[in-house]
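If you scroll down you'll find the structure; I have some questions about it.
Computation of the quantities below employed the complete heavy-atom set of this structure, encompassing side-chain atoms and omitting hydrogens, waters and symmetry-equivalent molecules. Residue numbering restarts at 1 for every chain, and letters A, B, ... go by the order of the sequence lines.
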Amino acid sequence: YKYHPMSEITDWMDMIAKNYSDVASLVEYGKTYENRPISLLKIGPTTGVRKKAIWMDCGIHAREWISPAFCQYFVKQLLETYKTDSQIKEMMTNMDFYVTPVLNIDGYIYTWTTDRLWRKSRSPGALGCNCSCDCNGTDLNRNFNANWGTVGVSFNCCSQVYPGSKPLSESEAQAVVDFVEKRKDDILCFLTIHSYGQLLLVPYGHPSIAAPNYDELMKVGLAAAEAIKKVHGMEYTVGTSPDVLYANSGSSRDWARLTGINFSYTFELRDKGEHGFKLPEEQIQPTCEEAYSGAMHIISYVHDKTFKGTGSAAATATATLWMVLLAVGAALL
Amino acid sequence: MATGELNPSHYPAQRAANVVKHYLNTRYGSPYRWVGLHKVHSANAEEVAESGRKYHLEISVQEMTGNTTEKCSAEVLFPALENQRSPQVQASCEALLTANTTAQEEALYQQYRRNHTLLSGHNLPDSYGHIDPDMKPLWHLGGVASSFVMLKESTENTLYNMAQVANVTQLETENDQLRFNYHVLLHDMVSQEIIHWKLLVTWSPAEGVKVLQMEELPKCEHCEVPPKPN
């Protein structure tokens, strides 16, 4: 397992769409600042009906190389197992998977050519930015329209958490919104992949705002962390960003939740600071394996809740029906 | 900021524990002993009138060079006043550093002293996370030396790790101390900034690691040092 430059990832995406054309297709849904096409792989057989979907994006932050590696691994796993694994097969029949291996393509390329520790997009700095080096770019994960510009940002354009001149000033963030908003009633789950820290973050990034389904998000998140730990023993902490990391605003996760996608999580993959952004290639496989397990736990929970009625809504409906039947039965006696 | 019993997995306890980690590295670190944080078991914070905020922590630390974890009790005082920025730490670890690194340290020390060409390295780890086995002790030493800076610079609003050794150059040995010039990149998780520091580092098995000079560098020429977060 190795890290791959953007050209190889693009070639690989083309290859996947070509070789697995019955279940995979390439969808271009936007452009980066430097005018590169932003594409996702849509994985799932066409069934003739409108399908529910899972969203996963990687590489919002350029230096977090393990993130695009995970998206690639995730796609590979789906395609290698869907024919033989009945659970995967069922999920793919019922849901499409929209996977964006690299969202911040300009930034990712920049980490290969110029600055390995670049984070932001590569749009130019606002007027009045005086220093030539770090003052380009916007933190894409502060640029979404979700309590934009309130906490966890700096309006100094040189800052790594500069949220942009306004919400969705960045074409990369706008692309996500354009694609997801149209399909928000179909998207059951929004996973955004980052590093480092070994965390599973639930909405919201603002310390004073709680998601209505916080308890359920935590329950499912904690179970996902247990699944992760079973793979290689790694501990992932689960909580809101203001609790376990720091307050922030304008994240893609928060925007997705506000848009109505009830299950929205940020994954912060390995490690805990020893190598940080430069996770050794020997750790790509184990990190992807454990993250896959965690992601799949969330995805199958959401799938089962929607399609198998294992959620409390379905249970309540069933119980009500029985009560009615019993009442009718009693009345007839 | 919260006082009283703290949730050990929440960030206030984690940031304070990270400071303890840096402190332990300054006291016990070496090219073969680089201390990492394993877990925070419990944490408590209190306001200390006219001093600042004091955290009491029960943590486990791990030697990143080995596999052992050890329990420590620690206190971290983050000062209230702006000018007096460095936190003060006290820690006692039950069996800190049981792994005997003396032989390896002695061997490395002698080897570096005998070198006719002075050592140098850069980009540790490289972009792929790789470090040449021969360079690992210098990477660990960079991490330990960086802890001196990270300890000094830490507040309740920072979470520092060393992102990379950009450059290390061995200098002439003086007073039996190996000497190195380090250029390190530190990452602050809270601001997400990468901060450059130049360090003059000495080490010997007898004296441990010392940082004689430290200087923050701007990211590039004609730049000011990076902005602090809100």
Side-chain angles (χ1 to χ4, degrees), chain A residues 2-3 61 63 65-66 111-112 115-120 130-135 139 141-142 149-162 196-197 199 235-248 268 270-284, chain B residues 2 7-15 18 21 34-40 62 64-65 123-131 139-140 143 150 157-166 185-196 218-230:
Chain A
K2 290 185 137 6
Y3 293 115
H61 290 137
R63 58 195 180 195
W65 282 16
I66 187 62
T111 61
W112 280 79
D115 181 356
R116 174 62 176 83
L117 294 174
W118 189 258
R119 168 182 168 90
K120 300 188 281 184
N130 44 24
C131 161
S132 59
C133 46
D134 260 359
C135 305
D139 185 343
N141 211 31
R142 302 286 184 278
T150 52
V151 291
V153 297
S154 167
F155 283 96
N156 184 323
C157 53
C158 307
S159 165
Q160 294 305 311
V161 292
Y162 174 67
Y196 58 93
L199 308 166
E235 301 211 13
Y236 279 59
T237 303
V238 185
T240 65
S241 199
D243 279 345
V244 302
L245 183 59
Y246 46 54
N248 69 348
E268 295 280 355
R270 289 194 197 179
D271 58 19
K272 302 206 77 170
E274 184 183 347
H275 298 86
F277 300 115
K278 299 184 167 194
L279 192 69
E281 286 179 316
E282 313 83 86
Q283 288 197 45
I284 295 178
Chain B
N7 187 320
S9 64
H10 286 190
Y11 77 75
Q14 289 289 324
R15 290 180 196 176
N18 203 46
K21 169 190 96 181
W34 195 18
V35 180
L37 178 65
H38 176 70
K39 204 179 172 115
V40 181
Q62 182 166 31
M64 294 199 265
T65 36
N123 235 1
L124 311 172
D126 68 13
S127 286
Y128 311 95
H130 179 72
I131 301 151
W139 175 55
H140 297 149
M150 296 189 279
N157 298 314
T158 60
L159 183 68
Y160 282 110
N161 286 294
M162 181 180 76
Q164 174 188 40
V165 172
L185 272 55
L186 307 182
H187 173 238
D188 169 33
M189 184 68 85
V190 182
S191 65
Q192 292 292 349
E193 296 296 334
I194 302 291
I195 308 131
H196 294 236
K219 186 81 182 253
C220 53
E221 270 127 57
H222 319 302
C223 281
E224 292 156 20
V225 289
K228 301 282 184 258
N230 70 345

Choice from A/Arg63, A/Gln283, A/Lys272 maximising heavy atom contacts with chain B below 4.5 Å: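 The option with the most such pairs is A/Arg63.
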Heavy-atom closest contact (A/Val161 atom, B/Ser191 atom, distance):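 In terms of heavy atoms, the two residues are closest at CG1-O, 4.0 Å.
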Does some side-chain heavy atom of A/Glu282 sit less than 4.5 Å from a side-chain heavy atom of B/Tyr128?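 No, every pair of side-chain atoms sits at 4.5 Å or beyond.
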To the closest 0.5 Å, what do you measure between OH (A/Tyr246) and CZ (B/Arg15)?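 Between A/Tyr246 OH and B/Arg15 CZ, I get 9.5 Å after rounding to 0.5 Å.
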Pick whichever of A/Val244, A/Asp243, A/Val238 has the most heavy-atom pairs under 4.5 Å with chain B.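 Looking at each option in turn, the highest pair count goes to A/Asp243.
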Report yes or no: does A/Glu281 contribute a side-chain atom to a donor-acceptor pair with the main-chain N or O of B/Gly129 at less than 3.5 Å?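 Checked: no pair found.
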Quick one: what part of A/Tyr196 sits under 4.5 Å from any heavy atom of chain B, side chain, backbone, both or neither?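 Looking at A/Tyr196, backbone and side chain both touch chain B.
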Minimum heavy-atom distance between B/Ala163 and A/Lys278, given as atom pair plus value: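 Result for this residue pair: O-CD, 4.3 Å.
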Partners meeting side chain to side chain donor-acceptor pair (under 3.5 Å) with B/Trp34 (sequence neighbours left out):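 None.
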Would you give the length of the straight line joining atom CG of A/Leu117 to atom NE2 of B/His187, rounded to the nearest 0.5 angstrom?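 Answer for the CG-NE2 pair, A/Leu117 versus B/His187, is 8.5 Å.
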Checking B/Asp126 against chain A: side chain, backbone, both or neither under 4.5 Å from a heavy atom?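 B/Asp126 touches chain A through backbone heavy atoms alone.
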Tell me, for A/Asp271 versus chain B, whether the close heavy atoms (under 4.5 Å) come from the side chain, the backbone, both or neither.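 When you check distances to chain B, no heavy atom of A/Asp271 falls under 4.5 Å.
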Which atom names give the shortest non-hydrogen contact between B/Trp139 and A/Glu274, and what distance separates them?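 Where B/Trp139 meets A/Glu274 most closely, the heavy atoms are CZ2-O, 3.6 Å.
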Where does B/Met189 contact chain A at under 4.5 Å (heavy atoms): side chain, backbone, both or neither?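 For B/Met189, heavy atoms of backbone and side chain both lie under 4.5 Å from chain A.
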Under 4.5 Å heavy-atom distance to chain B, tell me which part of A/Leu245 shows up: side chain, backbone, both or neither.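 Answer is both: backbone and side chain atoms of A/Leu245 are under 4.5 Å from chain B.
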Go through the atoms of A/Phe277 and report whether side chain, backbone, both or neither lie under 4.5 Å from a heavy atom of chain B.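 A/Phe277 touches chain B through side-chain heavy atoms alone.
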Let me know if B/Leu37 has heavy atoms under 4.5 Å from chain A in its side chain, its backbone, both or neither.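 Contact with chain A is absent: no heavy atom of B/Leu37 under 4.5 Å.
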Which of B/Gly143, B/Ala13, B/Pro12, B/Ser9 touches chain A most, by non-hydrogen pairs under 4.5 Å: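 The residue among B/Gly143, B/Ala13, B/Pro12, B/Ser9 with the greatest pair count is B/Ser9.
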Among residues at least two apart in sequence or on other chains, which ones pass ring pair (Phe, Tyr, Trp, His ring centres under 6.0 Å) with B/His38?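 By the ring pair (Phe, Tyr, Trp, His ring centres under 6.0 Å) rule, B/His38 matches no residue at all.
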Look up atom OG1 in A/Thr237 and atom NE2 in B/His10, then write down how far apart they are to the nearest 0.5 Å.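 A/Thr237 OG1 to B/His10 NE2: 9.0 Å, rounded to 0.5 Å.
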With side chains defined as the heavy atoms from C-beta onward, is the minimum distance between A/Tyr3 and B/Ser127 less than 4.5 Å?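 Result no, sub-4.5 Å side-chain heavy-atom pair not found.
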Between A/Glu235 and chain B, which part of the residue has a heavy atom less than 4.5 Å away: side chain, backbone, both or neither?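 Just the side chain, heavy atoms under 4.5 Å.
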Considering all heavy atoms, the nearest A/Gln160-B/Glu193 contact: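 Heavy atoms of A/Gln160 and B/Glu193 come nearest at N-OE2, 2.9 Å.
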